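All values reported here derive from a predicted model rather than from experimental measurement. For this chain, numbers begin at 1 and follow the sequence in order.
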Amino acid sequence: MKSLELLFSLLLMLSNVSFTPFSNEAYQEPYAWVAETHSIAHAFGGVDGTSMTNSLEAFLENYEKGQRVFEVDFLFSAEGTLVAAHDWSSFYDMTDLTPSVSETDAPSLAEFKKATIHGEYTPLTWEQIAWLMAFFPDMYVVTDTKYTTEPMITDAFSQIVDVAIDINPSILDRVIPQIYNNDMYNSIFELYPWQSVVYTLYGQTIEEFSYDSVLEFVKANEIKVVTTFPARSDLTFIQQVQELGCAVYMHTFNDTTQIEKYIDSHHIQGIYTDFLLPEDVDHLFD
């Protein structure tokens with residue numbers, strides 16, 4: 001398998017890090033991770049005070065410090081390979097790559113792999129992340145694929161499924177797709193019976209978005225997690241989805257004062273964060 005070299009290189013990187021993984025028993029049922037998770041590491045979490053890298057080093061640092069659920073941004077390389085990056089403009093800014101035409105154009109896969117983020121961090125493909133998930137059986141990935149329309153949705157999740165099946169099919173039980181609209185839910189479930197789904201509210205325009213539509217869809221499909229942000233945090237809506245047994249997460253917070261505010265006012269169950277760790281956050285939800 002062509003991934004053998006990748007496997008050895010990742011093991012070499014991991015050999016210098018000491019881990020104390022906790023039991024995965026609590027994560028066997030759909031959505032069971034929610035009860036154990038008050039903080040989701042945004043873009044693999046911050047590393048050395050730097051956010052949004054989606055890098056190997058960010059994962060290693062935050063896993064070692066107790067994070068187990070990681071939001072990861074995904075885009076296609078120029079050839080259509082799924083890789084971890086928030087957007088190409090910021091990726092070019094963080095690396096020494098020069099876009100061939102426009103800063104919104106994707107680099108080739110070879111260019112992506114050669115790049116170094118901020119001169120020291122390692123960018124990751126989905127295949128490499130899937131190997132990490134195989135090595136760490138209590139690691140969960142919340143996808144932020146950015147793509148909200150077809151055929152990109154199907155292309156991205158087909159690749160997620162196919163790569164994971166090649167490595168270890170059980171990985172897919174720990175992939176948590178974020179959906180941005182109702183149609184996306186239907187598209188991804190044609191590909192795989194996902195254990196958990198997050199309905200996130202940032203992906204729809206003002207014209208597209210409706211609290212009532214989201215509420216109806218969440219109820220009809222028994223979705224158990226909604227992620228929102230302060231500008232879309234209508235209290236009546238939050239209360240209605242919570243009455244359906246749905247957990248509400250908010251993004252992106254790095255200040256515990258803000259978190260406490262929304263725990264008090266909206267009774268949120270968790271947050272996405274760059275720099276806060278479980279030890280910083282969990283006690284706030286007691």
Side-chain angles (χ1 to χ4, degrees), residues 1-3 6 24-37 40-41 43-44 54 59 68-77 79-85 124-204 214 217-227 244-247 249 272:
M1 176 183 285
K2 67 178 182 179
S3 299
L6 168 64
N24 197 33
E25 293 177 1
Y27 292 81
Q28 296 304 311
E29 297 297 323
Y31 293 104
W33 58 273
V34 175
E36 304 291 329
T37 305
I40 296 174
F44 271 137
N54 288 284
F59 164 72
R68 292 297 182 269
V69 182
F70 301 86
E71 184 259 14
V72 182
D73 302 301
F74 289 104
L75 295 173
F76 289 123
S77 72
E79 301 90 342
T81 299
L82 204 61
V83 299
L124 294 167
T125 66
W126 161 240
E127 182 183 22
Q128 291 171 314
I129 293 169
W131 275 113
L132 286 173
M133 295 181 75
F135 299 156
F136 298 97
D138 55 358
M139 171 191 177
Y140 282 64
V141 168
V142 177
T143 67
D144 193 355
T145 55
K146 308 301 181 185
Y147 306 111
T148 62
T149 58
E150 293 291 1
M152 289 81 75
I153 294 169
T154 294
D155 289 347
F157 281 90
S158 293
Q159 196 168 143
I160 288 172
V161 171
D162 291 344
V163 168
I165 287 174
D166 277 349
I167 295 171
N168 185 334
S170 70
I171 291 168
L172 292 170
D173 293 338
R174 292 179 283 117
V175 174
I176 306 165
Q178 280 193 143
I179 64 166
Y180 313 108
N181 54 56
N182 301 356
D183 291 340
M184 183 174 178
Y185 179 93
N186 298 323
S187 294
I188 66 170
F189 270 88
E190 290 177 1
L191 301 171
Y192 188 78
W194 306 95
Q195 293 270 5
S196 305
V197 171
V198 172
Y199 199 132
T200 190
L201 304 191
Y202 87 82
Q204 298 179 39
V214 174
F217 196 81
V218 165
K219 180 178 181 179
N221 293 281
E222 299 183 340
I223 296 170
K224 296 302 181 185
V225 181
V226 168
T227 293
L244 298 174
C246 192
Y249 286 70
Y272 291 44

Roughly how far, to the nearest 0.5 Å, is [atom2] of [Y] from [atom1] of [X]?
X	Y	atom1	atom2	value
Asp162	Trp126	CG	CH2	11.5 Å
Tyr185	Trp194	OH	CH2	12.5 Å
Asn54	Leu75	CG	CG	9.0 Å
Phe74	Thr81	CZ	OG1	13.0 Å
Lys224	Gln195	NZ	CD	14.5 Å
Phe59	Phe136	CZ	CZ	5.0 Å

Is it the case that the side chains of [Y] and [X] hold a donor-acceptor pair, with the cut-off being a distance below 3.5 Å and no angle test?
X	Y	value
Asp173	Tyr140	no
Ser187	Glu150	yes
Asp144	Tyr202	yes

In terms of relative ring orientation, are Tyr199 and Phe217 parallel, tilted or perpendicular, with 30° and 60° separating the classes?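 Geometry flag for Phe217 against Tyr199: perpendicular rings.
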How are the rings of Trp33 and Tyr249 set to each other: parallel, tilted or perpendicular (split at 30° and 60°)? tilted
Taking the side chain as everything from C-beta on, heavy atoms only, tell me whether Thr149 gets closer than 4.5 Å to Asn181. no
May I ask you to test the Leu132-Val141 pair for a side-chain heavy-atom distance under 4.5 Å? no
Are there more than 12 heavy atoms of other residues, nucleotides or ligands under 6.0 Å from atom NZ of Lys219?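 Check fails, neighbour count at 12 or below.
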Exceeds 12 heavy-atom contacts within 6.0 angstrom, atom CD of Glu79: yes
Check whether [X] reaches the backbone of [Y] with its side chain - one donor and one acceptor, N or O, closer than 3.5 Å.
X	Y	value
Glu71	Ala43	yes
Gln178	Thr200	no
Asn168	Ser170	yes
Tyr180	Thr145	yes

Which heavy atom of [X] sits nearest to which heavy atom of [Y], and what is that distance?
X	Y	answer
Val225	Cys246	N-SG, 3.5 Å
Tyr31	Val197	OH-N, 3.0 Å
Gln128	Thr125	OE1-N, 2.8 Å
Tyr147	Ala156	CD1-CB, 4.4 Å
Lys146	Asp73	NZ-OD1, 3.2 Å
Pro177	Ser196	CD-O, 3.2 Å

Test Phe44 against Ile129 for side chain to side chain contact (heavy atoms under 4.5 Å, CB included), laying out the working first. CA-CA 11 Å; Phe44 271 137; Ile129 293 169; 4.1 Å; yes
For the pair Leu82 and Phe76, evaluate side chain to side chain contact (heavy atoms under 4.5 Å, CB included) and give the outcome as yes or no after the intermediate values. CA-CA 5 Å; Leu82 204 61; Phe76 289 123; 3.7 Å; yes
Which residue is it: Ile171, Asp138, Ile167? I am looking for the one with a side chain to side chain contact (heavy atoms under 4.5 Å, CB included) to Met133. Ile171
Which one of Ile160, Val72, Val198 satisfies the side chain to side chain contact (heavy atoms under 4.5 Å, CB included) criterion with Thr143?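 Running side chain to side chain contact (heavy atoms under 4.5 Å, CB included) over Ile160, Val72, Val198 with Thr143 returns exactly one hit, Ile160.
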Test log, rule side chain to side chain contact (heavy atoms under 4.5 Å, CB included), inputs Ile153 and Asp183: CA-CA 10 Å; Ile153 294 169; Asp183 291 340; over 6 Å; no
Apply the test side chain to side chain contact (heavy atoms under 4.5 Å, CB included) to residues Phe157 and Glu190: give CA-CA distance (whole Å), side-chain angles for both, the deciding distance (0.1 Å), then the verdict. CA-CA 10 Å; Phe157 281 90; Glu190 290 177 1; over 6 Å; no
